Number of protein chains: 2
Amino acid sequence: MKSIAEDETLSTNDYRASIFAGKLKELMVISYVVLGNNVVTGRFIEKRYRMPIQAWSSLYVVREFPGIRAKEIREVIPRPQNTISRAVSLLEARGYLRQEVSETDGREKCLYVTPAGAKLVDELVEISRLRQEEWLAPLTPEERKMFYQLSRKIAEGQKLLTTEVMSVD
Amino acid sequence: MKSIAEDETLSTNDYRASIFAGKLKELMVISYVVLGNNVVTGRFIEKRYRMPIQAWSSLYVVREFPGIRAKEIREVIPRPQNTISRAVSLLEARGYLRQEVSETDGREKCLYVTPAGAKLVDELVEISRLRQEEWLAPLTPEERKMFYQLSRKIAEGQKLLTTEVMSVD
DNA sequence: GGAAGATTGATCCATCTGGATTGATCTGGC
DNA sequence: GCCAGATCAATCCAGATGGATCAATCTTCC
């Protein structure tokens, strides 16, 4: 715990270095990375395409899996179901996606991208891939592969989306 | 690109495995990790402490750096200045934080945690540390160290908070 | 076959977010 | 010293978020 009153030369890099070395270092560093990137990406998608980032990510998933159910998007994009519902609704209104009632369950909607939606996805995947290169640039190819594998391990862990320590009872 | 219509046995793990192996694999995996954790953490902090997650993270930073200026919090938590301003306002109203006009610049506010705020931070740091152990559990200690170092490299890269490819003009 | 409980996506509602704006203060040039 | 431009935090406002609710549909048990 450092007091600014005594040391006016503490720079913002020192703030970060200090927090990034603390008890919650992994959380603070990786959150900084994702939050920081989302600021850039969210602003871009909002301004260029007039849609929230959740709409883009939902459309990307539907493009990859034509016929996917709305509820299934949640398994890839951990957002509440009504957030997905609204994204789907906006994408449909914009002509990027269409819904069909499932043949096997009258409650479910099967989602498909339209040609306009497919075009949009292709465009955004390419820009996002370039953007990904940008923030991954500090890593060597070997480091990048390692980062991916470790992130993958965490993503597939049993306790990412559930918790025993943060109970609300 | 896989069609569900032809293969009804595709499971949600396959959706994830497929997206996590695509062109945007690093982005999708690490976003899933941070978003997934934030769902758990945000819900807990909202319910237990009745505050948005940005208030907790802001308070944590003020606790680490007594006297820090509001604008400086942004360097650690990449959120807009008005988000920080509102978090600070809420924390002050709750008695967790106090503001003093800076002696060197009448526009600036120097922030300090109150005893109640310090107690809250200690409590939340401990719970968050345990939570961190939860989602990091799939990694060995060596892997965890590697993940931290690679994340740190990305966080300190020149292109995390800026972009050349996602221009809006 | 009927009823209770579960599931699905749309909708509601309170709150949060983020860009823009504002008033107060500061800085640097003339 | 004065003024134009920059900076800081509070506030505004339109839109997004997330838990709760709802109607329609499905599943399972008796």
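First the proteins, then the strands, lettered A, B, ... as listed; each starts at 1. Values in this document were obtained by computation on a predicted structure and should not be read as measured data.
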Report the distance from atom [atom1] of [X] to atom [atom2] of [N], rounded to the nearest whole Å.
X	N	atom1	atom2	result
B:R69	C:dC26	CZ	C1'	14 Å
A:W56	D:dA16	CH2	P	18 Å
A:L97	C:dG9	CG	C1'	14 Å
B:D105	C:dT25	CG	C1'	7 Å
A:I77	D:dG18	CD1	C1'	17 Å
A:E75	C:dT7	CD	P	13 Å
B:R74	D:dC8	CZ	P	10 Å
A:E72	C:dT7	CD	P	15 Å

_Under the rule for side-chain contact (heavy atoms from CB on, under 4.5 Å), what residues qualify as partners of A:A137, not counting sequence neighbours?_
none

*asked:* Enumerate the ring-ring contact (aromatic ring centres under 6.0 Å, His included) contacts for residues 74-109 of chain A, please, sequence neighbours excluded, ordered by first and then second residue.
replied: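 Residue pairs with at least one partner in residues 74-109 of chain A: there are none.
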
*Taking OP1 and OP2 of D:dA9, is either one under 4.0 Å from a side-chain nitrogen or oxygen of B:Q99?*
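False: B:Q99 side-chain N/O out of range (4.0 Å or more) of D:dA9 OP1/OP2.
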
*Whether B:Y15 and A:F65 hold their rings parallel, tilted or perpendicular, with breakpoints at 30° and 60°*: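 Answer is tilted, since the angle falls between 30° and 60°.
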
_5'-most by nearest nucleotide on DNA chain C - A:C110 or A:K47_ =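 Mapping each residue to its closest nucleotide by heavy atoms, the 5'-most match is A:C110.
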
*5'-most contact on DNA chain C: A:A70 or B:R107, nearest heavy atom basis?*
A:A70

What pairs of nitrogen or oxygen atoms, one from the protein and one from nucleotides 14-17 of chain C, lie under 3.5 Å apart?
none

*Look at the side chain of A:Q81 against the base of C:dA10 and say whether a donor-acceptor pair falls under 3.5 Å; ignore hydrogens and angles.*
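Indeed, a donor on one side and an acceptor on the other fall under 3.5 Å apart.
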
_With a 4.0 Å cut-off on N to O distance, would you call B:K109 and B:E100 a salt bridge?_
no

*Hey, is B:E92 close enough to B:R98 for a salt bridge, meaning N to O under 4.0 Å?*
no

*Check: B:R152/B:Y148 side-chain N/O donor and acceptor closer than 3.5 Å*: yes

*Going by the side chain to side chain contact (heavy atoms under 4.5 Å, CB included) test, name the single residue among B:Q132, B:E134, B:E126 that passes it with B:L130.*
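Result: among B:Q132, B:E134, B:E126, B:E126 is the only option passing the side chain to side chain contact (heavy atoms under 4.5 Å, CB included) with B:L130.
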
